[in-house]
Amino acid sequence: MSEQVIKLLVTGTLDTLQMTVISTIMAMIIGIPLGVVLVVTSKGHILENAALNKILGAIVNATRSIPFIILMVAIIPFTRMVVGTSIGTTAACVPLTLAAIPFLARLVETSIKDIQFGVIEAAQSMGASPFQIIRKVLLPEALPTIIDNVTVLIVNLIGYSAMAGAIGGGGLGDIAIRYGYQRFQGDIMLATIIILIIMVQVIQMIGDGLSKAMNKK
């Protein structure tokens with residue numbers, strides 16, 4: 001494998017990591033609070049609000065129902081408006097983030113719903129406010145599972161980022177399509193697959209380690 005190809009793969013790997021990191025951070029900033037809101041506004045919970053819960057739930061479900069490849073194409077005007085272009089690594093972060101937020105929100109919602117309501121009632125009996133219950137009960141109790149959720153999200157985003165290469169999103173997916181598929185360079189295709197497998201394995205190991213550490217506390 002030539003030095004030029006190695007540089008190409010290194011650049012593609014860095015681009016993929018950039019897309020994944022930015023999208024994950026944005027998804028955590030918005031998706032985790034959204035997941036919490038979906039739980040606490042549900043029927044019988046500490047901040048019950050049926051109207052808000054139904055609206056947010058409908059938005060999340062609608063976004064999740066759109067296949068990622070279609071979502072990327074559908075929001076090209078929005079992507080261009082936000083970042084000034086619809087091609088490249090930065091542009092790919094927009095659909096990746098929009099796909100990641102509802103995905104993580106539903107995972108977080110499921111994690112928090114698994115917490116026994118008796119724990120919440122005990123906090124309420126001690127005079128804790130809804131915000132205190134969220135901050136000191138719900139999030140700490142669900143933290144190990146939320147870490148697992150974020151790990152699942154990152155692995156999915158790596159796959160989505162590779163898919164983004166189909167419309168010029170950059171990264172390893174773009175390299176695999178342009179060189180491995182269109183130019184029939186099997187060695188480059190194989191190299192991108194190996195790099196993606198390694199990335200997923202490393203991320204899964206880190207996520208499992210963090211989750212176990214949180215469970216021990």
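Atoms considered below: every heavy atom in the structure, side chains included; atoms not considered: hydrogens, waters and symmetry mates. One-based numbering along the sequence shown.
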Crowded around [X] [atom1]? As in, over 12 foreign heavy atoms under 6.0 Å?
X: M81; atom1: CE; answer: yes
X: Q116; atom1: CD; answer: no
X: M28; atom1: CE; answer: no

Check [X] against [Y] and note the closest heavy-atom contact, atom names and distance.
X: V36; Y: I112; result: CG2-CD1, 3.6 Å
X: I175; Y: G12; result: CD1-CA, 3.6 Å
X: P102; Y: L98; result: CD-O, 3.0 Å
X: A99; Y: F68; result: CB-CD1, 3.8 Å
X: M19; Y: G171; result: CE-CA, 4.0 Å
X: A162; Y: L196; result: CB-CD1, 4.4 Å

Counting only N and O atoms by type, is there a donor-acceptor contact under 3.5 Å from the side chain of [X] to the main-chain atoms of [Y]?
X: Q132; Y: S129; result: yes
X: Q204; Y: V200; result: no
X: S23; Y: T20; result: no
X: N149; Y: L107; result: yes
X: S211; Y: G207; result: no
X: N53; Y: L38; result: yes

Nearest 0.5 Å, please: how far is [atom2] in [Y] from [atom1] in [X]?
X: I22; Y: C93; atom1: CD1; atom2: SG; answer: 4.0 Å
X: S111; Y: L138; atom1: OG; atom2: CG; answer: 11.5 Å
X: T11; Y: D174; atom1: OG1; atom2: CG; answer: 11.5 Å
X: R183; Y: I177; atom1: CZ; atom2: CD1; answer: 13.0 Å
X: T97; Y: I25; atom1: OG1; atom2: CD1; answer: 10.0 Å
X: L52; Y: L47; atom1: CG; atom2: CG; answer: 10.0 Å

Examine [X] and [Y] and state if one hydrophobic cluster contains both, with Ile, Leu, Val, Met, Phe, Trp and Tyr joined whenever side-chain heavy atoms are less than 4.5 Å apart.
X: V21; Y: I146; result: no
X: M199; Y: L9; result: yes
X: I101; Y: I59; result: no
X: F131; Y: V39; result: no
X: L8; Y: L172; result: yes

Practice problem: Report the C-alpha distance between I203 and I158 in whole Å, list the side-chain angles of each, state the deciding distance to 0.1 Å, and finish with yes or no for side chain to side chain contact (heavy atoms under 4.5 Å, CB included). | Solution: CA-CA 10 Å; I203 289 166; I158 290 175; 3.3 Å; yes

With heavy-atom distances below 4.5 Å as the criterion, would you say the side chains of [X] and [Y] are in contact?
X: T24; Y: V150; value: yes
X: I46; Y: Q124; value: yes
X: I69; Y: M72; value: yes
X: T63; Y: F103; value: no
X: V5; Y: Y179; value: no
X: L96; Y: S161; value: yes
X: P140; Y: L143; value: no
X: N61; Y: R106; value: yes

Self-check item: From CA spacing to verdict: side chain to side chain contact (heavy atoms under 4.5 Å, CB included), V152, D148
Solution: CA-CA 6 Å; V152 171; D148 290 335; 5.6 Å; no

Quiz item: Should the pair H45 and F117 be assigned to parallel (<30°), tilted (30 to 60°) or perpendicular (>60°) ring geometry?
Solution: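 Ring orientation of H45 relative to F117: perpendicular.
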
Self-check item: Residue from D15, L17, V10, T16 passing side-chain contact (heavy atoms from CB on, under 4.5 Å) with T13
Solution: L17

Quiz item: Does Y181 sit in a hydrophobic cluster with other residues, and if so which ones, taking ILVMFWY side chains as linked at heavy-atom separations under 4.5 Å, directly or through other members?
Solution: M189, I193, I197

Quiz item: Would you say the side chains of D208 and T151 form a donor-acceptor pair under 3.5 Å?
Solution: no

